[in-house]
4 protein chains.
Amino acid sequence: MDIPVKSAETPRWERRKEARPSELMDAALELFVEKGFAATRLDDVAKRAGVSKGTLYLYFDSKEDLLKAVVREGYVARIADAEAYARAFTGTSAELLRDIMGMWWTQVGATPMAGITKLMIAEAGNFPELARFYHDEVMHRGMGLFTYALQRGIASGEFRPVNLEHATRLCCAPVVMTMIWKHSLGLCTHDELVPEAYFETHLDMLLRGLRSA
Amino acid sequence: MDIPVKSAETPRWERRKEARPSELMDAALELFVEKGFAATRLDDVAKRAGVSKGTLYLYFDSKEDLLKAVVREGYVARIADAEAYARAFTGTSAELLRDIMGMWWTQVGATPMAGITKLMIAEAGNFPELARFYHDEVMHRGMGLFTYALQRGIASGEFRPVNLEHATRLCCAPVVMTMIWKHSLGLCTHDELVPEAYFETHLDMLLRGLRSA
Amino acid sequence: MDIPVKSAETPRWERRKEARPSELMDAALELFVEKGFAATRLDDVAKRAGVSKGTLYLYFDSKEDLLKAVVREGYVARIADAEAYARAFTGTSAELLRDIMGMWWTQVGATPMAGITKLMIAEAGNFPELARFYHDEVMHRGMGLFTYALQRGIASGEFRPVNLEHATRLCCAPVVMTMIWKHSLGLCTHDELVPEAYFETHLDMLLRGLRSA
Amino acid sequence: MDIPVKSAETPRWERRKEARPSELMDAALELFVEKGFAATRLDDVAKRAGVSKGTLYLYFDSKEDLLKAVVREGYVARIADAEAYARAFTGTSAELLRDIMGMWWTQVGATPMAGITKLMIAEAGNFPELARFYHDEVMHRGMGLFTYALQRGIASGEFRPVNLEHATRLCCAPVVMTMIWKHSLGLCTHDELVPEAYFETHLDMLLRGLRSA
DNA sequence: AATGAATGAGTATTCATTCAT
DNA sequence: CATGAATGAATACTCATTCAT
């Protein structure tokens with residue numbers, strides 16, 4: 001049994017109990033988004049996080065469990081923040097729509113986490129339970145924010161009465177599409193699209209469409 | 001992929017010889033869309049098409065080749081038809097927008113082929129070449145139809161001048177999102193959404209936003 | 001994609017659909033007996049049977065399934081034969097005992113299958129379902145043969161009345177022990193023991209103990 | 001394996017310091033016997049002993065070393081006691097046989113240590129050196145006790161002359177089998193067998209078989 | 001053309017062992 | 001002494017691909 005000589009500067013490992021899970025989830029997020037669930041090797045996740053493969057299993061029961069953690073961790077807090085913001089908002093509903101959309105893009109759409117949406121779309125068929133969680137806790141609640149703003153504007157007479165379900169989706173679709181696009185087909189083109197400007201146009205058109213009278 | 005010339009007599013057991021490739025692609029399409037590329041087993045594709053796994057390799061060089069064929073097959077001729085339709089159109093640009101959207105939904109969005117879009121989004125990262133093909137030959141040309149209609153309306157004074165790139169995307173986003181939704185998260189809920197009605201609202205809002213003056 | 005040049009004399013594989021399962025079970029029996037269940041690698045089983053690891057999975061669902069097949073296959077037919085023999089036997093009960101014991105040793109004890117007994121003892125804790133099968137279908141039925149002979153001898157007055165349960169076990173124990181011994185501790189000594197002679201002594205002593213009056 | 005000298009004062013938390021090795025061996029014995037060597041996880045051994053996995057390595061060099069310690073520990077002194085008892089015995093040889101068998105069962109067979117026999121049978125193939133130790137120091141010496149009693153009885157004319165090797169094994173087989181049974185297949189049935197009564201029958205039959213004249 | 005038995009590279013997962021704290 | 005986070009070698013199992021029939 002040979003005991004390897006340890007070099008002074010590279011300890012074989014280091015205790016990181018608290019930091020590990022999020023380091024691992026960060027690494028996993030990047031790879032899952034880039035390659036998809038199946039094509040991501042746990043070896044690579046571990047390597048990117050700078051640990052051995054075995055270490056992954058100290059924190060997550062399985063590859064699927066890791067995916068779940070990434071998805072759950074990524075979103076929920078952010079949505080709750082936005083809900084609180086909306087409830088406390090006192091300006092016009094048009095401003096509220098603009099703010100929600102802006103926060104969504106800044107805090108999610110422009111971050112690596114936007115890839116989660118693409119991921120969930122790709123894997124919904126393979127993880128029905130997770131898909132339902134994502135649908136209920138992320139998509140539905142996220143869309144609820146827009147429904148709230150629209151309803152608020154209609155109630156105040158700021159907007160004309162419209163089908164809420166439809167209008168909600170019309171608010172979200174361009175944002176979601178942009179997030180998805182960035183992580184899929186957008187990878188193979190050199191888009192000139194500036195999301196912020198695009199969303200300005202979106203809001204402009206939308207508000208014209210919602211204007212009462 | 002050479003498809004053999006069919007001999008003059010057609011004994012019963014040979015009946016389907018030239019139908020094989022598309023039967024296989026149909027089976028593959030369903031499974032790729034449902035499970036994703038990696039999670040689809042060629043065993044299952046073959047079983048669904050009622051042939052043995054070996055037979056797949058008579059028609060396709062590899063799993064990847066099958067995916068490419070499925071994607072390429074999916075869009076053949078349809079866009080060209082729509083392009084011809086648009087060029088020949090003589091009504092208002094609003095009507096043209098409505099027609100293009102309607103055809104797109106009817107001929108693609110409402111068919112299993114809508115799943116290809118989801119598929120490409122999921123696999124774009126792993127098959128850049130295929131993604132580029134899909135982007136250039138399908139998405140870009142498809143979006144070009146809307147750009148054409150918008151440009152036509154602006155030129156005629158029917159629409160106010162808007163950023164064409166942005167407006168094009170705003171036209172498409174709700175349709176693409178609906179196609180994707182149907183094949184992913186939509187699977188785990190019982191949506192009440194009626195696409196046709198939704199697109200009516202979409203057009204209504206859009207045209208209000210485009211109205212000149 | 002390089003296609004390897006095939007050498008004339010070693011086809012990469014050969015169709016053996018009928019013969020495969022028993023070839024694989026033979027190989028597995030040897031290794032399971034020699035090394036135990038856990039220490040046997042399926043790679044080695046495959047190699048010993050002259051096939052690839054994947055081929056194993058064409059015939060058996062899992063390592064555990066392979067073990068079950070080996071155990072089931074090994075025994076049941078032999079027991080049924082012996083039961084038929086006993087029922088049809090017309091000589092003295094002492095002769096029947098001797099014959100049963102002789103057949104048991106010749107057809108099982110002296111063959112590699114004796115190792116299954118050792119295997120089941122080692123793995124009973126890990127495969128309760130299999131252990132129960134073995135207990136019910138092999139041990140219990142095997143012991144039943146001796147019970148039958150003893151009962152027959154007592155009924156005819158050839159043997160004195162004895163506790164049947166105890167006597168049955170006393171008949172079997174030396175035979176089972178010899179089988180187990182051969183495949184465990186016996187491996188590390190150079191036993192002079194000649195099983196046939198030992199069983200002669202066993203029968204001689206046993207029959208003295210059973211003699212009526 | 002060095003057991004550190006215990007310091008004079010014994011604070012409460014140190015109380016068990018010198019008991020550790022045997023607590024660990026007790027835990028290991030139970031698990032090795034129940035699951036076999038390979039299927040026993042050191043994590044579980046440590047948990048059952050109420051220590052961390054690392055602690056195991058303070059006392060034992062490896063899993064194999066632990067097994068060796070468990071086996072060696074199991075028999076210590078007991079055989080020597082029985083040998084002394086036999087040498088000093090002054091009654092009939094039949095009584096001596098009964099006593100030896102009774103002590104063996106009471107002090108070993110009926111205790112968890114009986115499981116060691118099963119363990120060695122299961123693992124003899126994988127640990128030849130340990131198997132040889134167990135064979136020489138336990139089985140052979142244990143059987144020697146019966147050989148001694150038999151020889152004594154033949155010399156005194158109490159027993160008829162028999163093949164000593166054979167008779168010794170015939171004495172032991174039912175006892176060993178009962179120990180093994182209890183820890184393997186016996187686990188999956190509700191045996192009515194009362195070992196003490198069974199051994200009475202065994203001795204009765206045996207002595208009838210040994211009776212001179 | 002079609003089959004399906006056989007292959008073997010690829011990967012998720014386990015667990016004995018190490019060692020900084 | 002004791003801990004438990006970290007390691008990485010080992011292995012069961014999967015599945016795209018091949019090719020004799």
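Naming convention: chains lettered A, B, ... in sequence-line order (proteins, then strands); numbering from 1 in each chain. Side chains included, hydrogens not; waters and symmetry mates left out as well; all remaining heavy atoms used.
- For CD of A/Glu34, the number of neighbouring non-hydrogen atoms (other residues, nucleotides, ligands) closer than 6.0 Å is greater than 12.
- D/Thr55 places no side-chain N or O within 3.5 Å of a backbone atom of D/Val51 that could act as its donor or acceptor partner.
- Atom CG in A/Asp44 sits roughly 16 Å away from atom C1' in F/dG8 (whole-Å rounding).
- For DNA chain E, runs of at least 3 consecutive pairs of the Watson-Crick or G-U wobble type, with both hydrogen-bonding distances under 3.5 angstrom, map to E:2-21 with F:2-21.
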Please write out the pairs of protein N or O atoms and N or O atoms of nucleotides 10-14 of chain F separated by less than 3.5 Å, giving the distance to one decimal.
unit_1 : atom_1 : unit_2  : atom_2 : d
F/dA12 : OP1    : C/Lys63 : NZ     : 3.3
F/dA12 : OP2    : C/Leu42 : N      : 3.2
F/dC13 : OP2    : C/Tyr57 : OH     : 2.7
F/dC13 : OP2    : C/Lys63 : N      : 3.0
F/dC13 : O5'    : C/Tyr57 : OH     : 3.2
F/dC13 : N4     : C/Lys53 : NZ     : 2.2

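- The phosphate of F/dA6 has OP1 or OP2 within less than 4.0 Å of a side-chain N or O from A/Tyr59.
- One interatomic measurement links the two molecules: CZ of A/Phe60 to C1' of F/dA5, which rounds to 15 Å at whole-angstrom precision.
- What separates CG of D/Leu31 from C1' of E/dA16 is a distance of 15 Å, to the nearest Å.
- Salt-bridge formation is not detected for the pair A/Arg132/A/Glu129: no Lys NZ or Arg NE/NH1/NH2 atom is positioned less than 4.0 Å from an Asp or Glu carboxylate oxygen.
- D/Leu56 places its CG atom 13 Å from the C1' atom of E/dC15, with the value rounded to the nearest Å.
- When rounded to the nearest whole Å, the span between CD of C/Glu23 and P of E/dA6 equals 9 Å.
- B/Asp44 has a carboxylate O that lies under 4.0 Å from a charged side-chain N of B/Arg41, or vice versa, which qualifies the two as a salt bridge.
- Annotation: A/Glu30, atom CD; neighbour count of heavy atoms from other residues, nucleotides and ligands within 6.0 Å is above 12.
- Dashed line: the shortest gap from a side-chain N or O of B/Ser52 to OP1 or OP2 of E/dA2 is not under 4.0 Å.
- Atom CG in D/Leu24 sits roughly 12 Å away from atom P in F/dC1 (whole-Å rounding).
- Spacing between atom CG of C/Leu58 and atom P of E/dT7 amounts to 9 Å, rounded to whole angstrom units.
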Could you please spell out the steps behind the ring pair (Phe, Tyr, Trp, His ring centres under 6.0 Å) verdict for C/Tyr134 and C/Phe127? CA-CA 10 Å; C/Tyr134 188 77; C/Phe127 303 100; over 10 Å; no
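- Rounded to a whole Å, the NZ atom of A/Lys47 is 14 Å from the P atom of F/dT7.
- Judged by distance alone, the side chain of B/Ser184 and the main-chain N or O of A/Ala124 form no donor-acceptor pair under 3.5 Å.
- Residues C/Leu119 and C/Leu29 form no side-chain contact, since every pair of their non-hydrogen atoms from C-beta on lies 4.5 Å or further apart.
- Side-chain atoms of B/Lys118 come within 3.5 Å of backbone atoms of B/Val33 as a donor-acceptor pair (strictly under, hydrogens ignored).
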